[in-house]
Amino acid sequence: MSIVETLKNGIKAIVKNKYGLDVETSSFDLAAPPENQPGHFGSNIAMVLAKPLKKAPFLIGEEIAAALKTMDHIADVEVIKPGYTNLTLKHEFYKTELDNMIRSDSAFKNDLGKGKTVNIEFVSANPVGPLNIVSGRAAAYGDTLANILDYSGYRTVRETYVNDFGRQMHLFALSLMARYLQLYGRNNQVPEEGYQGEYVTDIAKAMKEEKGEIFYKSIGEVSDLEACPQYAQFRAFGLKHVLNWQNRTLEKFGVKFDRWFSETSLHESGEVAGAFKIIEKRGLFYEKEDAVWFKTTDFGDDKDRVVKKTDGGFTYFASDIAYMQNKIKRGTDLIINILGPDHHGYVKRLESIMQGLGYEKERIRVIILQQVNLLEGGEKMKMSKRAGNFVSLDELLESVGKDAARYFFVMRSYTSHLDFDMELAKEQSDKNPVYYLQYAYARLCNIFEKAKEAVKDSTEYNADRISLDVLEKEELELVRAIILIPGYIRESAEREAPNWLTEKVHFLASFFHSFYGKLRVMQEDRGLMLKRLFILKALKRTFEVCFGIIGITPREKM
RNA sequence: GCGCCCGUAGCUCAGUUGGAUAGAGCAGCAGAUUUCUAAUCUGUUGGUCAGGGGUUCGAUUCCCUUCGGGCGCACCA
């Protein structure tokens, strides 16, 4: 449990005890007070209670303060102006906290998820080409959020959906066939709406290589590519090739899915038909104009949606019903769906499915990421596949590297449009916030490198052998920043906001850089040195945990 | 037309579910290097929180409205 939770629970107990009121720990604040204000932590609890108790907040604050003063780890309590209740903690308490963080990863964890299983689906790109920038944002955001949830008491499943069933896949297969036949001098053309990209020819070449002359000869003369018996092989080869490609890209990006879920498999296993029966039984299907419709308007959608087309084929939406049922059946308590900016019309549809299957709407959470604008030196780059200036995730990684890419993608709230400046991300300077963090870590590592000579036995700065009784301003601020991190991990989870964490880690680095500029670690006064090494050991662990969550590399040297 | 997101410092953005003097980074200005890495630090300039109305002890935050920007409104995926 984080220090903030511990203190909040203490306050909660006091309120219950004194006023017989149950307050949620999330209903009041406990945070660092503004500068010039006393105390290490301040709470607005008295103001929150003013209304229900019909009492002046200042008086409530004083009553709570009196009770707080009897608590173990509290040195002093002051009540300020309208009723802010500010606590000063005993340094001994900080020592215990830091020690916990050094000793075990569990000090960074919280129980927000209460062991619930959450399936978090992201990227889910069509398997017909390279991943783009929007997928990059989704990958970074989804993976980081999953990491945060891992620390917050959830059992996470990272999943991506492979749209290998529909029209896009079909067009891709036809495009590949045409390119393949062209390699043998035939004049087959890529369909009008097909995939014109050069990579299709590359895949065709790979296929030529692998399948050999015999395969080509078996095809013979065909006018209708789709009717050709070899069509399925092109489709399968293209799919496999692209998925491998996407997987390699994601690996470079530090993202690994637990499962790549095939849309086709839902049809083959009969799950689409099975899920249909459930919706049908609940009377949510009807026929109109020879098509089958789902009454999504019952659940707040603008219009009903087709699941089975006039030609008898299923829509993408139909697979989604089976897919959601599949996830639930696997024991998923909560489904998180991370979608691109052009999908906000899909939120109601997915919620409709959840409710149509007979579950509460709250079991699905759809997160819509806003668009990414790629800038180069402040100029907006217009991207279009047709114009050929389309930037793939591979190219982005090539040009700015994994660390900068991941950091830039999660440093802003998902509700905002993201300006991704390629120049800035490439730049190795103080303009680039990624280096600010990595530099802090490198400086830290350097201190420990130096410390090896002065302190042969690192247990000399274990918690039981140092004292935090006296702390200078910079030390105290750094210590406080460190011990607040586990609480921020929890808050990031609650808000589904990785950017909340990146901001706090940036502050943490800032406190350290300040500390570094002002105070020396390696020095004559051995007690002082050991104390600082102890604090920095906890800081190092904290950086490692946070970097791991964000997905950036802790570099020991820069 | 309807729906979703957004409008906060010159630029890019935070803003802890309605609370302390609205915060960072960059850019600008003035400083710091015989000391563990200056990719750093210290100080400083810059705000009618798009406009208007409402709710209340208190609004950047909630409600209504106007204006401005982005995206979406398929028997495509």
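Atom set for the values below is all heavy atoms of this structure, side chains included, hydrogens, waters and symmetry mates excluded. In the text below, chain A, chain B and the rest are named by the order of the sequence lines, each starting its count at 1.
Of the residues listed (A/Phe317, A/Phe261, A/Tyr316), the one engaging A/Tyr323 in a ring pair (Phe, Tyr, Trp, His ring centres under 6.0 Å) is A/Phe261, and it is the only one.
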Which protein N or O atoms sit under 3.5 Å from an N or O of nucleotides 31-35 of chain B?
residue, atom, partner, partner atom, Å
B/U35, O2', A/Arg520, NE, 3.2
B/U35, O2', A/Arg520, NH1, 2.0
B/U35, O2', A/Arg520, NH2, 3.1

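The side chain to side chain donor-acceptor pair (under 3.5 Å) pairs that include a residue from residues 306-315 of chain A number zero, where partners must be two or more places apart or lie in different chains. Pairs engaging residues 498-509 of chain A under the side chain to side chain donor-acceptor pair (under 3.5 Å) rule: A/Glu491-A/Trp500 [sequence neighbours left out].
Among B/G70, B/G15, B/U40, the nucleotide with an atom closest to any side-chain atom of A/Tyr436 is B/U40. Distance from the side chain of A/Tyr516 is smallest for B/C36 among the nucleotides B/C36, B/U16, B/A39.
The glycosidic torsion of B/U65 lies more than 90° away from 0, placing the base in the anti range.
Separating the NE2 atom of A/His513 from the P atom of B/A39 is a distance of 10 Å, rounded to the nearest angstrom.
Only the P atoms considered, B/G52 is 15 Å distant from B/C67, to the nearest whole Å. A gap of 15 Å separates the P atoms of B/A24 and B/A9, to the nearest Å.
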Query raised in the report: What one-letter contact string describes nucleotides 72-77 of chain B from 5' to 3', where B marks a base within less than 4.0 Å of any protein heavy atom, S marks contact via sugar-phosphate atoms alone, and - marks no contact?
Result: SSSBSB

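Listed pair A/Tyr439 / B/A39 meets the phosphate criterion, a side-chain N or O lying under 4.0 Å from OP1 or OP2.
Residues passing the side chain to side chain contact (heavy atoms under 4.5 Å, CB included) test with A/His344 are A/Ile368, sequence neighbours excluded.
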Requested in this report: Start with the C-alpha gap between A/Phe294 and A/Phe285, add the side-chain angles, then the distance that decides, and say whether ring pair (Phe, Tyr, Trp, His ring centres under 6.0 Å) holds.
Outcome: CA-CA 5 Å; A/Phe294 187 157; A/Phe285 278 166; 5.7 Å; yes

**Report entry** Secondary structure string for RNA chain B (Watson-Crick or G-U under 3.5 angstrom, | for other-strand pairs)
**Finding:** (((((((..((((.....[...)))).(((((.......))))).....(((((..]....))))))))))))....

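A donor-acceptor distance shorter than 3.5 angstrom exists from the side chain of A/Asn132 to the backbone of A/Val134, with no hydrogens or angles considered.
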